[in-house]
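Please read the structure below before turning to the comments.
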Amino acid sequence: MWKFLFWVIGVGVVFGGGYLVGVVTSDEPSYQIMIQEEGGESQPPNGAVLTDVDQPAKLDSLLGILLQKQPAEGVTVNINEPDASLKLMSPQRSVGLTDHRIWFTDNGAVLAEERNGTWQDAAFFTISERDASYIQSIVQGEED
């Protein structure tokens, strides 16, 4: 009888401890994307902060868009006047991982990625019209 009671208590402690560790460690996001409209008429500008805790599907979709961007050459944009900016950050480590500026076009969007700590050496990419529309909907707060 005592062996059975100790066994039940032991199993309860193991599973209860695992549950508590999961609850305590899962509240802090490990990645976040800050996306904001630039130069808009609204004050403050439209935008969103997406985390892997609160909006994991949106964050994964934006990461997928960033991974599927295509290199672009001969892009002419005003580097200092983007339509939006997008930053991927790790709040646990207090570090920015990537910094992008976005210009929306009729065919999608042009992305500039900061290189070597400056925008003068930026690398340019393009994304599809569908992906650009998704980003715009998040900036405007329409995507739920």
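- When the side chains of ILVMFWY residues are joined at heavy-atom separations under 4.5 Å, either directly or via intervening members, Leu67 and Ile33 end up in two distinct hydrophobic clusters.
- Side chain of Ser61 to main chain of Ala57: a donor-acceptor pair is present (N/O by atom type, distance under 3.5 Å, no hydrogens or angles).
- The distance from atom CD of Gln140 to atom CD1 of Ile135, rounded to the nearest 0.5 Å, is 12.5 Å.
- A distance of 8.0 Å separates OG of Ser137 from NZ of Lys58, quoted to the nearest 0.5 Å.
- Looking only at distances, a side-chain donor or acceptor of Trp103 sits under 3.5 Å from a matching main-chain atom of Glu81.
- Between Phe124 atom CZ and Lys69 atom NZ the span is 13.0 Å, to the nearest 0.5 Å.
- For Glu73 (side chain) and Pro71 (main-chain N/O), no donor-acceptor pair under 3.5 Å exists by modelled atom type.
- Annotation for Ala112 and Ile79: closest pair CB-CD1, 4.0 Å, computed over non-hydrogen atoms.
- Val49 and Leu97 fall into different hydrophobic clusters, where Ile, Leu, Val, Met, Phe, Trp and Tyr side chains are chained together by heavy-atom contacts under 4.5 Å.
- From Thr126, atom OG1 reaches atom CG of Asn107 across 9.5 Å, with rounding to the nearest 0.5 Å.
- When atom types are taken as modelled, the side chain of Ser128 and the backbone of Asp131 share a donor-acceptor pair closer than 3.5 angstrom.
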- Task: Run the numbers on Leu63 and Leu88 for side chain to side chain contact (heavy atoms under 4.5 Å, CB included), then give the verdict.
- Result: CA-CA 9 Å; Leu63 288 175; Leu88 174 62; 3.8 Å; yes
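- At least one side-chain heavy atom of Thr105 sits under 4.5 Å from a side-chain heavy atom of Val110.
- Between Glu114 and Arg101 there is no salt bridge, since no side-chain nitrogen of the basic residue lies less than 4.0 Å from a carboxylate oxygen of the acidic one.
- Using a 4.5 Å heavy-atom cutoff, the side chains of Leu86 and Leu66 are in contact.
- The shortest heavy-atom contact between Phe104 and Ala132 is CE2-O, 3.6 Å.
- Shown here for Phe125 and Arg115, the closest heavy-atom pair between the two residues is CZ-NH2, 3.8 Å.
- Put simply, OG1 on Thr51 and CE on Met89 are 13.0 Å apart, with the number rounded to the nearest 0.5 Å.
- A donor-acceptor pair is defined here as one N or O able to donate and one able to accept, closer than 3.5 Å; such a pair exists between the side chain of Asn78 and the backbone of Asn80.
- Follow the hydrophobic side-chain contacts under 4.5 Å out from Met34 and you never reach Ile138; the two are in separate clusters.
- In this structure, the separation between CD1 on Ile102 and CG on Leu111 is 5.0 Å, given to the nearest 0.5 Å.
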